[in-house]
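From a predicted model like this one, the values you see are computed outputs, not experimental measurements. Note that these values count all heavy atoms, side chains included, but never hydrogens, waters or copies made by symmetry. Each chain gets a letter, A, B and so on, in the order its sequence line appears, and its residues count up from 1.
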There are 2 protein chains.
Amino acid sequence: MANLTALRDHNTAAVLGRIRAADEISRVELALATGLTAQAISKIVQRLAAEGLIAPAGRVPSAGGKPRTLLRLVPQARWVVGVQLHRHGSTLVLVDLAGRIVDATATRFDPSGATPQQTLDLIAAQVEAVIAELPRERVLGVGVACPGPLDQRTGVLHQVTGLPGWNGIPLRAELAARLGLPVFLDKDTTAGVLSRPGAPDRAFVYLGDGLGAGLVLGGRVQRGARTNAGEFGHQVIDPRGPRCACGNHGCLEALCRAALADGDRGRAADLLGEGIANLVRLLDLAQVVLAGDAVLADPDLFRDRIGAVVRERLPDPGWQQVGVTVTDAGEQVVALGAAGLVLGTLFGESDADGPDAAGLAVQAPAAQYPE
Amino acid sequence: MANLTALRDHNTAAVLGRIRAADEISRVELALATGLTAQAISKIVQRLAAEGLIAPAGRVPSAGGKPRTLLRLVPQARWVVGVQLHRHGSTLVLVDLAGRIVDATATRFDPSGATPQQTLDLIAAQVEAVIAELPRERVLGVGVACPGPLDQRTGVLHQVTGLPGWNGIPLRAELAARLGLPVFLDKDTTAGVLSRPGAPDRAFVYLGDGLGAGLVLGGRVQRGARTNAGEFGHQVIDPRGPRCACGNHGCLEALCRAALADGDRGRAADLLGEGIANLVRLLDLAQVVLAGDAVLADPDLFRDRIGAVVRERLPDPGWQQVGVTVTDAGEQVVALGAAGLVLGTLFGESDADGPDAAGLAVQAPAAQYPE
DNA sequence: CGACTTAGTCCACACTGTTGCTTTACTAGG
DNA sequence: CCTAGTAAAGCAACAGTGTGGACTAAGTCG
């Protein structure tokens, strides 16, 4: 997969990604940013405009010549559905090209009280409901986020935590067959890191029932050899600490939950800060986004204390530029991130390249396309 | 940078990479592996053969038709020099296309006893000596590995540990000017992970004076926002542990060194195993390569105990496939990895794409090319 | 108003990988 | 030995990519 079509798609995605990142940008700046010639940008922009994805948006004051024409996304040109499936129900969001949540539904139900097939029927019905008013050809696809472990490449669930009976369910194929739309599946934390565009090296840290992380490294999602990267909570921070459900002692997750159980959010934040500082140094990250019930209960405290620990642990001024923030999407982060799985294919943030170094391997398609 | 030239280079590198990985491979298999058509492979192979990089190597028994022609690298077609610069001197290796060390020199000297300029002159002379007999146009370049921190993108050293006076030295440019060859610079641990081809998600863990890691994730080197990823040793494993030089308590590095100081290699291995298990789960790695003086002092012990800890900590059978080995390159790993920095550009393992998600950003060149 | 500057496009072009067909080189069967 | 069948590899024409040079559009400035 590295022919002329791939080249075009790659460049097109890069241009779209730049436009999204800049909100408004001129052709000249696009040429500069991508390294392509003005002529190539001109062609690509024409194609995108013909597809309705972008449109001119005013002009920049001239600097002694013809003024630059600003371009921007047409948010309503395409739509994407993001689904979070968790132990207590589902959350759906309808998202436009600009990444704005246009519609949302949260349903509480007990997935273990029904067969997976029934639950899939329910999810499919929910998706249909949310896109009912839209021209179907403008719906790019559906992203689904689940607790792991799962196989992102094949779209099959494994022993999903708290959902017995789902082991081996080919969720992606099942849903694609029901909907007739492209479906993407990934871990909830991995989806979370795609909830908003961000730095090329960043982490999404989710402290809820469990503790997990999603990683974007070198501008691409890190999924790992078995697409289950992000096990952040079970690192041993204190071998004499309390026993964790995973069998070890003093896992970061166990320590944080113990602190939260004591009502001591400050301690939980400090502990989490230690783990995040380790993470930042290991991977040289520029940005950390926090989320999860526990964090959302007191966002400022977590942001400030974790930021403080990170600054303390990374004294070198060169490292000071680590942005620690709490997600602005609240409880919809993961569903929004699931939508991001689909949008990423358009904007070039997902690693459509697959596992191969050179991006040329024969690859399992990242999405299930209906036949 | 994503034009036809880039496309060709990308495919060429992918084909070369496949040939290296397979040792011997036919055109048909190359087409299958890369997804390119047989015709495209035919053209690329012709070009590579014309450049002398590959040559036919026998045939596969026919299965009822024209037999497949096997292709393989011509190891002597190109050469690469790898340099490790450390606190006590330098190690040089001359490496052929197959990654074999053809010549090697290790020199002990005190870099702090001379000006950086003098040391650079010395290194340049050593490189010249090792390539003296070779046709210069067949020397692809020189890779240099240093302790961090440094800026890989600009090729400038920062406050290198143990080498005062080197802060701000543009090592890459200086050396390229002296040699008239492309020069690549990177952290020693990052170089180490490129010492041999390996899994797309792997780590190189070096336990010597310090403790660091090099990471290849999703088939690309993880360098991070400031190209200083790999700070593996200063994760806090035990907050009540001994004080570390970095100011924190109970860093993995401090604990390991304390164990080694006690003569207790087993404890050091177990501790390191914990850290590595955390790493494997966080990034979902398939392979871990161990190196460093401490490990080489008793390779089997480290391999076996770390392997055992990893298997114990990752009980899910899906995770069992983590290969833990000790490098076969001994004390020359880092220098060999420095050579790998150069070879990677040929075989498509390095991330020539730079930090941008789509690989299209205007980028600082990864190598310094002489003018 | 005219000279100048910058943005953006038209057109011919070089070069990529692809498609359809042919040649090469072997096995199998009479 | 000959013929049919099969698979690998190359040839030639082609579609589509980004590029380079010339040209047009739309401003500023003196």
Donor-acceptor under 3.5 Å ([X] side chain, [Y] main chain):
X	Y	value
A/Arg220	B/Arg220	no
A/Asp151	A/Val156	no
B/Thr12	B/Arg8	yes

**Prompt:** How do A/Gly65 and A/Ala40 order along DNA chain D: which one's closest nucleotide is nearer the 5' end?
**Reply:** A/Ala40
**Asked** Looking only at side chains, do B/Asp284 and A/Gln222 share a donor and an acceptor under 3.5 Å apart?
**Response** no
**Asked** Would you say the side-chain atoms of B/Ser26 and B/Glu29 include a donor-acceptor pair closer than 3.5 Å?
**Response** yes
**B/Arg47/B/Glu51 salt bridge by N-O under 4.0 Å criterion** = no
**Asked** Hey, are A/Arg72 and A/Asp23 close enough for a salt bridge, meaning a charged N less than 4.0 Å from a carboxylate O?
**Response** yes
**Request:** Taking all heavy atoms of B/Pro67 and all of B/Val60, pick out the closest pair and write down the distance.
**Result:** CB-O, 3.1 Å
**Asked** Going 5' to 3' on DNA chain D, which nucleotide is the first and which the last to come under 4.0 Å of a heavy atom in chain A?
**Response** D/dG16 to D/dT28
**Asked** What string of B, S and - do you get for nucleotides 8-16 of chain C, 5' to 3', if B is base contact, S is sugar-phosphate-only contact and - is no contact with any protein heavy atom under 4.0 Å?
**Response** SBBB---BB
